[in-house]
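The next block holds one structure in the form of structure tokens; read it before the comments.
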Amino acid sequence: MSELTPQSLRRIVVRSTNWVGDAVMTIPALRELRRILPDAHITLATRSWASDLFSSAGFIDELLISDRKGTFQQAKEWRKHGFDLVLLFTNSFATALIPALARVPNRIGYATEHRSFLLTKAVPVPEWQNTRHEVYYYLNLVKAVGKLVGRQVTTEPIDGSVEISEAAHQLAKTLLEDSGVRRDRPLVALCPGSINSRAKRWAADRYALLADRIMNELDAACVLIGSEAELDV
């Protein structure tokens, strides 16, 4: 890897995680990446189902959607962008192969799935991975970028907020009103489980019990969110 400076990293691509819940946990890391490299053009490569999460985010300049595109097709597309650095939030071999084929000169990610030879900076998986919140796993990668460019990375406090456009606010307000949700009391949203693994789902009767307690003890409105597959519990 050549010597890096903030000025040399004009175009950065971050390969996001594949699922919405995981993508939420990358937000603090993305905010910190923007803070240490304020002048870089940051592209987030993500899936379409997670793209709305970042559509109004001030720490992202561009979204790159890769649904249904093969490895070589994605690599060809990435090469056209002329990225200077890729930061891989994913752990898979395949997602490290794409920037290598695209000839991105600086490739940073965790040393997982025997892919270290595809990376110019393979970051060891931290020993604390299973004992700290997942947001620190992604922040640790941004910390590796900070060391390479001589910028101090801050991991506290955690800021997981995202900007929401006025249009999105109005859409949500209309949806809630049309569904009969009262807005004169707190609103709690429950997302029952995971679309890609039934093992991650809580039993339906447990969600029902929790919703009852929220409504009765907190005097709050309670709604279920998610895809049809997630709500079919």
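Annotation: side chain of I108 is in contact with side chain of L148 (closest heavy-atom distance under 4.5 Å). Two residues are said to be in side-chain contact when any heavy atoms from C-beta on lie closer than 4.5 Å; V162 and I164 meet this criterion. Under the 4.5 Å side-chain criterion, counting only non-hydrogen atoms from C-beta, I65 is in contact with T46. At least one side-chain heavy atom of F93 sits less than 4.5 Å from a side-chain heavy atom of L118. The shortest distance between side-chain heavy atoms of L101 and W78 does not fall below 4.5 Å. Side-chain contact check for E156 versus Y136: some heavy-atom pair is nearer than 4.5 Å. You'll find the side chain of L4 stays beyond 4.5 Å of the side chain of V145, heavy atoms only.
Atoms CZ and OG1, from R107 and T95 in turn, are 12.5 Å apart once rounded to the nearest 0.5 Å. Atom OG1 of residue T26 and atom CG of residue L139 lie 9.5 Å apart, to the nearest 0.5 angstrom. Separation of atoms CD1 (I12) and CG (L44) is listed at 12.0 Å; rounding is to 0.5 Å. Between T43 atom OG1 and R15 atom CZ the span is 13.5 Å, to the nearest 0.5 Å. Between the OG1 atom of T155 and the CD atom of Q152 there is a distance of 9.0 Å, given to the nearest 0.5 Å. L218 contributes atom CG, which lies 10.5 Å from atom CZ of R185 (distance to the nearest 0.5 angstrom).
One hydrophobic cluster holds both L141 and F59 under the rule that ILVMFWY side chains link at heavy-atom gaps under 4.5 Å. A chain of hydrophobic side-chain contacts below 4.5 Å, direct or via other Ile, Leu, Val, Met, Phe, Trp or Tyr residues, connects L30 to Y138. One hydrophobic cluster, built from ILVMFWY side chains closer than 4.5 Å, holds both V153 and I42. At a threshold of 4.5 Å between side-chain heavy atoms, the hydrophobic network of Ile, Leu, Val, Met, Phe, Trp and Tyr places V123 and V86 in two separate groups. Under the 4.5 Å side-chain heavy-atom criterion for grouping Ile, Leu, Val, Met, Phe, Trp and Tyr, I158 is connected to W128 within one hydrophobic cluster.
When all heavy atoms are compared, the tightest approach of P105 to D84 is CG-O, 3.4 Å. The two residues A211 and L190 have their closest heavy-atom pair at CB-CD1, 4.1 Å. Taking every heavy atom of both residues into account, E163 and A57 meet most closely at OE1-CA, 3.2 Å. Here the shortest heavy-atom pairing between T90 and S16 reads CG2-O, 3.1 Å. Of all heavy-atom pairs spanning T112 and V125, the tightest one is CG2-CG2, 3.6 Å. When all heavy atoms are compared, the tightest approach of L88 to L119 is CD1-CD2, 3.6 Å.
R115 places a side-chain N or O within donor-acceptor distance of the main-chain N or O of S92, the cut-off being under 3.5 Å. Remark: side-chain polar atoms of T71 are not paired, donor with acceptor, to backbone N or O of I98 under 3.5 angstrom. Judged purely by atom type and a 3.5 angstrom limit, S165 uses its side chain to pair as donor or acceptor with the backbone of A168. The closest donor-acceptor contact from the side chain of R11 to the backbone of H81 lies under 3.5 Å. Without hydrogens or angle criteria, S179 side chain to L175 main chain gives a donor-acceptor distance under 3.5 Å. Side-chain N or O atoms of H133 include one that pairs as donor or acceptor with a backbone N or O of V135 at under 3.5 Å. Between the R34 side chain and the A40 main chain, a donor and an acceptor come within less than 3.5 Å of each other.
Inspection of the R31 and S161 side chains reveals an N or O donor paired with an N or O acceptor under 3.5 Å. There is a side-chain donor-acceptor pair under 3.5 Å between Q170 and E166.
Within 6.0 Å of NZ in K173 there are 12 or fewer heavy atoms belonging to other residues, nucleotides or ligands. A 6.0 Å sphere centred on CZ of R10 holds no more than 12 heavy atoms belonging to other residues, nucleotides or ligands.
Applying the side-chain contact (heavy atoms from CB on, under 4.5 Å) rule to A172 yields no partners; only residues at least two apart in sequence or on another chain are considered.
Taking the six-membered ring where tryptophan is involved, the planes of Y110 and Y137 are essentially parallel, since the angle between them stays under 30° and well short of 60°.
Between R35 and E32, at least one side-chain N (NZ, or NE/NH1/NH2) sits under 4.0 Å from a carboxylate O, which counts as a salt bridge.
Sorted by first and then second residue, the pairs that involve residues 48-58 and meet side chain to side chain donor-acceptor pair (under 3.5 Å), not counting sequence neighbours, are S48-D67.
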